[in-house]
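Small disclaimer: the values here were computed from a predicted structure and weren't measured. Atom set for the values below is all heavy atoms of this structure, side chains included, hydrogens, waters and symmetry mates excluded.
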Amino acid sequence: MMKAIAYVRCASPNPDYEDAQKRKCVKYAQEHGLDIMQTYSETGIPRSLSERLLAAVAEHRAEAVIVKDAARLGRNPAEYARLTDAFRAADVKLCLADLNRAPGLGSFEARLLATIAAIEDELLEETGMLEEDACSQDDEQDLTR
């Protein structure tokens, strides 16, 4: 069984949303034969925990990192690239639970998703619809499933 780390993040304190992310990561792990060795949970910005996650990856404590979606690693394409480059350098697979694919999202796909998320943020900010400390309605609906 492949060892994995789950990474959970929300911009503001929201235990229900964090629990929903954890459940998605656990379900994904079960469906793909992954064993979650540790779960990192982070709230707010700056993302100090991502540095601890990178250290765990560099030390080869896991072969995969599971997150609910690409936005959990950040919506800044440069930051996202920094994290995914570190995963690739350590031969650690990135798994996005919402895509429900086999372990190891392709680098191109992962960066494309991060870029789309960044563009979405820019559009929402321009229209005044971006609330930095709120989770999306789609994510809140996931709590009822």
Any side-chain to backbone donor/acceptor pair from R72 onto V8? Under 3.5 Å, distance only. no
Side-chain donor/acceptor of E63 to backbone N/O of M2, under 3.5 Å: no
So, for V92 and A62, which heavy atoms are closest and what is the spacing to 0.1 Å? CG2-O, 3.4 Å
What is the minimum heavy-atom distance between L96 and A70, and which atoms define it? CD2-N, 3.8 Å
If only side-chain N and O atoms count, and only distance matters, is there a donor-acceptor pair under 3.5 Å linking T43 with E18? yes
Report the residues that fulfil side-chain contact (heavy atoms from CB on, under 4.5 Å) with Q38, sequence neighbours left out, ordered by chain and then residue number. Y40, R61
Least distance between heavy atoms, Y17 atom then R9 atom: CE2-O, 4.1 Å
Could you tell me whether the side chain of T39 reaches within less than 4.5 Å of the side chain of K22, counting heavy atoms only? yes
Sub-4.5 Å side-chain heavy-atom contact between R23 and V26: no
Ignoring hydrogens and geometry beyond distance, is a side-chain donor-acceptor pair present between Q21 and Y7 at under 3.5 Å? no
Could you tell me if the side chain of I36 sits less than 4.5 Å from the side chain of I5, heavy atoms only? no
Could you measure the distance from the OH atom of Y28 to the NZ atom of K68? Nearest 0.5 Å is fine. 14.5 Å
